[in-house]
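Just below is one structure, and these are the notes that go with it.
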Number of protein chains: 2
Amino acid sequence: MAEQASERISEAELAVMEVLWADAPLTAMDVAERIDPARGWSDRTVKTMLGRLLAKGVLAFEEDGRRYLYRPLVERAAHVAGSTRQLVDRLFGGRAAPLVAHLAENHALSDDDIAELEALVRELRK
Amino acid sequence: MAEQASERISEAELAVMEVLWADAPLTAMDVAERIDPARGWSDRTVKTMLGRLLAKGVLAFEEDGRRYLYRPLVERAAHVAGSTRQLVDRLFGGRAAPLVAHLAENHALSDDDIAELEALVRELRK
DNA sequence: TATTGACGACTACGCGTGTAATCCATTACG
DNA sequence: CGTAATGGATTACACGCGTAGTCGTCAATA
């Protein structure tokens, strides 16, 4: 079987994926232009990331003349799910409730968040 | 000022920290013995981790004759908070509620979890 | 007392990551 | 047409990480 979905996406690579999750397909230059300028990346760096993501099998490209048009092969939701599971497993004994409790304890929840949670819980209870 | 608390703890290092968060101070051998055998680590590896954690300023030691007794300098809760915040920032736009929503959508919440959440929300609403 | 073993300190080494620079082919421009 | 710009491929390089091995020293033991 081919590369399993478990290919790890690093922090820097994630910045590139986010661009492509927001809009694809894009050329390397397109991607570079949409990377947060705060990162101060050179185009070369973006190219490197694209190459590595291709190698990891999480991106695909189609040729557009001399250039490539890149598109994600993995969905953002899948990445989010994997990363979240990892956190829950590593630090919360694999259970989600303690994570939510932690968020609550740390005042990480705004009033709006709490209101949203209430709605969520009502929804879940059904 | 000395090493800031933001020193990163790697996955392997975390295994060592967990042992010391559970019980400290401990000698290097004590720690090695309490590491999950499933990791198949040699004592040397554990020593290396202890050294690196000392260098990072997240552990301290006191001499006990010829050996060291290691103890954590950072609290588990602080590490958990940092890691959680990082996930929330990176993948959930810095807001906790979407994370909880994600957990819900992914059926990551058991009935018990939901009951716990209800109680939590009731508590938060006060 | 001479040897052996336990300890921390230092060294090793291959792979991933962050951050590019260089190479080579092709295309666009003067 | 010759030269520069553009685009992907390859190479670079330092640092962190996973996983130890080696060195020098001190203590226990035969």
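Within every chain, numbering begins at 1; the chains are lettered A, B, ... in the order of the sequence lines, protein sequences first and strands thereafter.
With hydrogens and angles ignored, a donor-acceptor pair closer than 3.5 Å exists between the side chain of A/Arg52 and the base of C/dT19. Side-chain N/O atoms of B/Arg44 and base N/O atoms of D/dT22 include a donor-acceptor pair closer than 3.5 Å. Residue B/Arg67 places no side-chain atom within donor-acceptor reach of the base of C/dA6, judged by atom type and a 3.5 Å distance cut-off alone.
In this structure, B/Ile35 atom CD1 and D/dA20 atom C1' are separated by 15 Å, rounded to whole Å. Here the C1' atom of nucleotide D/dC17 and the CD atom of B/Glu11 are 11 Å apart, to the nearest Å. If you measure from atom CG of B/Asp36 to atom P of D/dT19, you get 12 Å, rounded to the nearest angstrom. Between the CZ atom of A/Arg8 and the C1' atom of D/dG18 there is a distance of 16 Å, rounded to whole Å. Across the protein-nucleic acid pair, A/Lys47 atom NZ and D/dT6 atom P stand 10 Å apart, rounded to whole Å. Protein atom CG of A/Leu53 is 10 Å distant from nucleotide atom P of C/dG18, rounded to whole Å. One can place CZ of B/Arg39 at 8 Å from P of D/dG18, the figure rounded to the nearest angstrom. At whole-Å resolution of the value, CD in A/Glu13 and P in C/dG16 are 11 Å apart.
In this structure, B/Phe92 and B/His102 approach most closely via the heavy-atom pair CE2-CB, 3.7 Å.
Checking side-chain atoms of B/Arg76 against main-chain N and O of B/Met17 turns up no donor-acceptor pair under 3.5 Å.
Using a 4.0 Å heavy-atom distance criterion, A/Met49 is classed as a base contact. Among the protein residues, B/Thr48 comes within range of the nucleic acid bases, having at least one heavy atom under 4.0 Å from a base atom.
With salt bridges taken as basic N to acidic carboxylate O contacts below 4.0 Å, none links A/Arg52 and A/Glu13. The pair B/Glu116-A/Arg95 meets the salt-bridge criterion, since a charged nitrogen lies less than 4.0 angstrom from a carboxylate oxygen.
Considering CD1 of A/Ile9 and NZ of A/Lys56, their distance stands at 7.5 Å, rounded to 0.5 Å.
Map A/Gly51 and B/Trp41 each onto its nearest nucleotide of DNA chain D; the residue landing nearer the 5' end is A/Gly51.
Of the candidates C/dA20, C/dT26, C/dA9, the closest approach to any side-chain atom of B/Tyr68 belongs to C/dA9.
Distances shorter than 4.0 Å separate some side-chain N or O of B/Ser10 from OP1 or OP2 on D/dG18.
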